[in-house]
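One structure is given below, encoded as structure tokens.
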Amino acid sequence: MDDCIIIGGGPAGLTAAIYLARYHLSIRLFDCGTSRAALIPCTHNHAGYPEGIKGTDLLDRMRRQAEKYGAHREEKRVERLEREGEGFRVHTQGQVFRARTVLLATGVFNLHPPGMDDELHDAALFKGALRYCPVCDGYEVTDKRVAVIGTHTHGTAEAIFIRGFTKDLTLIAPDAEHDLDAECIARLDDAGIVRVDGPCGRYRLEGDRLAVETARGWMSFDSVYPALGSHIRSELAVDLGAAANDDGRLEVTDHLETSIAGLFAAGDVVEGLDQISHAMGQAGVAATRIRNKLAGEVGLLR
Ligand SMILES: Cc1cc2nc3c(=O)[nH]c(=O)nc-3n(C[C@H](O)[C@H](O)[C@H](O)COP(=O)(O)OP(=O)(O)OC[C@H]3O[C@@H](n4cnc5c(N)ncnc54)[C@H](O)[C@@H]3O)c2cc1C
């Protein structure tokens with residue numbers, strides 16, 4: 001019986017592993033290797049790295065720090081969680097592990113532009129021609145020619161946010177026509193954001209720019225932000241009965257405990273700011289709460 005099993009080895013899961021290992025708890029960390037942080041060509045808003053740092057380098061540093069205290073990432077996909085008394089049974093491919101507490105740090109997956117193949121997607125991402133997070137990198141598109149693929153209130157909100165960085169901004173409908181109510185149209189018009197119908201479905205790199213085929217023909221941009229929503233990877237907790245909002249983000253207490261006692265969650269899988277710093281902060285709070293809860297239940301005297 002482990003004290004805690006962490007599911008997910010992104011910034012949230014790895015931070016929790018560092019804290020819990022340094023509290024002398026017995027832990028396991030299962031991860032299937034699809035952290036959103038691994039997609040970051042170079043983050044410039046994560047404090048402490050004035051020259052920026054590549055997402056994979058940051059993850060590597062965190063893994064080494066966790067390993068230094070005995071917390072090793074195991075490449076395993078968790079398929080199911082089950083309650084066992086006050087604790088949990090954690091099912092991976094063909095194996096079952098038992099834990100007093102579980103921390104879910106499984107993150108989210110951004111929906112990709114319709115019709116874009118993986119090779120072009122990754123090439124555009126690493127050139128900065130395709131971006132997913134204006135909170136993270138809106139600064140980098142200051143005064144550039146930018147498009148948002150999206151519509152409705154979500155596409156409108158994303159475009160209005162990016163308008164704070166550039167005035168050369170186009171909102172492209174993913175489907176044949178925009179789906180915008182009068183309020184969205186008024187906000188877009190007030191901000192001088194151009195609206196173009198789709199469908200998007202064909203793309204090509206033109207040097208460092210990404211060209212998108214629209215109802216008006218091919219249009220080329222320095223950067224394109226898809227605003228098509230995300231898949232929230234909270235199924236393991238939701239299947240166990242944990243409360244989540246309509247999008248699937250887990251509801252948690254101030255100490256990051258879900259509605260199921262002993263099941264904690266941190267990072268993008270929880271409602272909040274989808275940022276590395278936020279994931280790390282939540283993981284530190286959750287890990288300390290787990291430690292104190294176990295101290296109350298089983299005692300952790302040395
Ligand atoms: C292109 C891009 C650029 C970004 N730039 C920045 C930036 O500059 N600054 C910033 O602060 N943030 C940035 N972000 C956001 C940042 O990457 C996320 O907020 C952060 O990675 C969230 O950490 P997390 O640990 O919650 O989730 P993740 O990093 O996504 O990690 C979740 C992990 O859980 C694992 N997992 C999922 N399900 C299972 C399962 N069933 N079993 C085992 N493992 C599982 C996954 O494989 C993954 O490794 C960016 C994101 C993107 C996509």
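- Of the options Asp168, Asp208, Asp222, a salt bridge (Lys or Arg N to Asp or Glu O under 4.0 Å) to Arg145 is made by Asp168 and by none of the others.
- With sequence neighbours excluded, no residue forms a salt bridge (charged side-chain N to carboxylate O under 4.0 Å, His left out) with Glu140.
- Remark: Asp190 CG to Ile193 CD1 distance equals 9.5 Å, nearest 0.5 Å.
- Looking at Thr92, its side chain never comes within 3.5 Å of a backbone N or O of Lys76 through a donor-acceptor pair.
- At least one side-chain heavy atom of Arg291 sits under 4.5 Å from a side-chain heavy atom of Leu300.
- Looking at Arg89 and Phe97, their side chains never come closer than 4.5 Å, going by heavy atoms from C-beta outward.
- Val108 is not connected to Val135 by any chain of hydrophobic side-chain contacts under 4.5 Å among Ile, Leu, Val, Met, Phe, Trp and Tyr, and they are in different clusters.
- Counting only heavy atoms from C-beta outward, the side chains of Thr156 and Leu188 approach each other to under 4.5 Å.
- With hydrogens and angles disregarded, no donor-acceptor distance shorter than 3.5 Å links the side chain of Ser223 to the backbone of Val146.
- Thr151 contributes a side-chain N or O that, together with a main-chain N or O of Asp179, makes up a donor-acceptor pair within less than 3.5 Å.
- A heavy-atom distance below 4.5 Å is found between the side chains of Leu130 and Met116.
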Side chain to side chain contact (heavy atoms under 4.5 Å, CB included) between Leu29 and His72, intermediate numbers included: CA-CA 7 Å; Leu29 169 65; His72 299 282; over 6 Å; no
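- Annotation: side chain of Asp2 is not in contact with side chain of Ile27 (no heavy-atom distance under 4.5 Å).
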Could you walk me through whether Tyr49 and Thr43 pass side chain to side chain contact (heavy atoms under 4.5 Å, CB included), step by step? CA-CA 9 Å; Tyr49 297 91; Thr43 168; over 6 Å; no
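- Considering every non-hydrogen atom in both Leu25 and Ile290, the closest pair reads CD1-CG2, 4.5 Å.
- Taking the six-membered ring where the residue is Trp, Phe109 and His112 present tilted rings, their angle falling between 30° and 60°.
- Residues Val224 and Met219 fall within the same hydrophobic cluster, defined by Ile, Leu, Val, Met, Phe, Trp and Tyr side chains chained together at heavy-atom separations under 4.5 Å.
- Under a 3.5 Å cut-off, the side chain of Gln282 and the backbone N or O of Gly267 do form a donor-acceptor pair.
- Remark: side-chain polar atoms of Glu257 are paired, donor with acceptor, to backbone N or O of Gly262 under 3.5 angstrom.
- With respect to the salt-bridge test (charged N to carboxylate O, under 4.0 angstrom), the residues Asp60 and Lys54 do not qualify.
- Under the 4.0 Å criterion applied to side-chain N and carboxylate O atoms, Arg61 and Asp57 are not assigned as salt-bridge partners.
- A 4.5 Å side-chain heavy-atom check between Asp137 and His44 finds every atom pair outside the cut-off.
- Within a 6.0 Å sphere centred on OH of Tyr139, other residues, nucleotides and ligands contribute 12 heavy atoms or fewer.
- Linking ILVMFWY side-chain heavy atoms closer than 4.5 Å, directly or via other members, places Leu103 and Leu240 in two distinct hydrophobic clusters.
- A donor-acceptor pair under 3.5 Å is formed between the side chain of His178 and the backbone N or O of Val196.
- By the salt bridge (charged side-chain N to carboxylate O under 4.0 Å, His left out) test, Arg100 pairs with Asp3, sequence neighbours left out.
- Counted by atom type alone, Ser230 and Asn110 present one or more donor-acceptor pairs between their side chains at under 3.5 Å.
- Put simply, Leu20 and Leu59 are part of the same group of oily side chains (I, L, V, M, F, W, Y) that touch within less than 4.5 Å, one to the next.
- Note: the hydrophobic cluster containing Ile160 does not contain Val194 (ILVMFWY, side chain heavy atoms under 4.5 Å, direct or indirect links).
- A salt bridge between Arg204 and Glu206 is present, with a side-chain N of the basic residue lying under 4.0 Å from a carboxylate O of the acidic one.
- Of the possible polar contacts, one joining the Ser234 side chain to the Gly248 backbone as a donor-acceptor pair under 3.5 Å is found.
- By the 4.5 Å heavy-atom criterion applied to side chains, Lys144 and Phe221 are not counted as neighbours.
- Arg131 places a side-chain N or O within donor-acceptor distance of the main-chain N or O of Gly128, the cut-off being under 3.5 Å.
- A distance-only check finds no donor-acceptor pair linking the side chain of Asp247 to the backbone of Arg249 [under 3.5 Å].
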Chi angles and distances behind the side chain to side chain contact (heavy atoms under 4.5 Å, CB included) call for Arg83, Phe88: CA-CA 5 Å; Arg83 205 63 165 136; Phe88 299 89; 2.9 Å; yes
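- Screening Tyr203, Phe126, Tyr132 against His121 for a ring pair (Phe, Tyr, Trp, His ring centres under 6.0 Å) leaves a single residue, Tyr132.
- In this structure, the side chain of Arg233 engages the main chain of Thr106 through a donor-acceptor pair within 3.5 Å.
- Proximity of Val90 to Leu81: side-chain heavy atoms (C-beta onward) are separated by under 4.5 Å at one or more points.
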